[in-house]
Amino acid sequence: MNLNKSGILSVLPLAIVFIYILIMSLCSLWIGDDITYLYSFRTGDEIRTFWDVVLSQATHYFENNGRTVAHFLVQLFLVFVGKTGFAVVNAFVNVLFVCLVLRICEKDLSDWKSVALVSGLTLLVFRTKFVPTCQIGYVWMFCLVLGFLLLLKRYSGNNRPGWNWLWLAPFCLVAGWSQESL
């Protein structure tokens, strides 16, 4: 994208989203579920290894709910990445969310008015707590599903080879497994 006036005006709302989400994620207290997910659902012990997360999520799947994709990421970020790492990644994912909404609406990033509108509406309307359990469970999983929908839109209805469905099938499973509200 050329950094002309329109390009700068398009980057500005995305930068605001990034900075706002970063600050809110850094300032949010990790309580409730964010503490619960530090411990294994299998043993009740503190999670220390990647394998602990796998076993914890296997138990969580059968005993609690099926949001394994989201909760697997939640446990990884809570245990191994920490608050600052989560805040940075979360800010990027929220910007990605804005970009994916624009893309699904067939709007270009150079259309600064659309970028500003979607960025503003995202911050005003799409409100969740800025902690891993909420952000990963909703915003991140919405990005996953939007990404899948964009791929599905691209490869369906065209005269493209059916082989694309082979690599889309696992993505379909993961996107469908991500969040029951979708």
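Keep in mind that this is a model prediction, so the values were computed, not measured.
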Should we count CZ of Phe171 as having more than 12 external heavy atoms under 6.0 Å?
-> yes
Which residues share a side chain to side chain contact (heavy atoms under 4.5 Å, CB included) with Cys143, sequence neighbours left out = Val93, Leu96, Phe97, Leu100
Could I get the full list of ring-ring contact (aromatic ring centres under 6.0 Å, His included) partners for Phe77, not counting sequence neighbours?
-> Trp140
Non-neighbouring partners of Phe80 that pass ring-ring contact (aromatic ring centres under 6.0 Å, His included), sequence neighbours left out | none
Indicate yes or no for a side-chain donor-acceptor contact from Gln75 to the backbone of Leu38 under 3.5 Å, with no hydrogens or angles considered.
-> no
Spacing of CG belonging to Asp111 relative to CG belonging to Leu102, to within rounding of 0.5 Å = 8.0 Å
Let me have the donor-acceptor pairs involving side chains of residues 18-33, under 3.5 Å, with sequence neighbours excluded, atom names and distances please.
| unit_1 | atom_1 | unit_2 | atom_2 | d |
| --- | --- | --- | --- | --- |
| Tyr20 | OH | Arg127 | NH1 | 3.3 |
| Ser25 | OG | Ile21 | O | 2.8 |
| Ser25 | OG | Asn90 | ND2 | 2.9 |
| Ser28 | OG | Met24 | O | 2.7 |

The single option from Phe72, Tyr39, Phe41 passing ring-ring contact (aromatic ring centres under 6.0 Å, His included) against His60 | Phe41
Mind checking whether His71 and Tyr37 have parallel, tilted or perpendicular rings, split at 30° and 60°?
-> tilted
Tabulate below the donor-acceptor pairs under 3.5 Å that side-chain atoms of residues 119-126 make, not counting sequence neighbours, or state none.
| unit_1 | atom_1 | unit_2 | atom_2 | d |
| --- | --- | --- | --- | --- |
| Ser119 | OG | Val115 | O | 2.7 |
| Thr122 | OG1 | Val118 | O | 2.7 |

Tell me the salt bridge (Lys or Arg N to Asp or Glu O under 4.0 Å) pairs involving residues 89-107, sequence neighbours left out?
-> Glu106-Lys153
Any side-chain donor paired with an acceptor under 3.5 Å for Asp45 and Ser40?
-> no
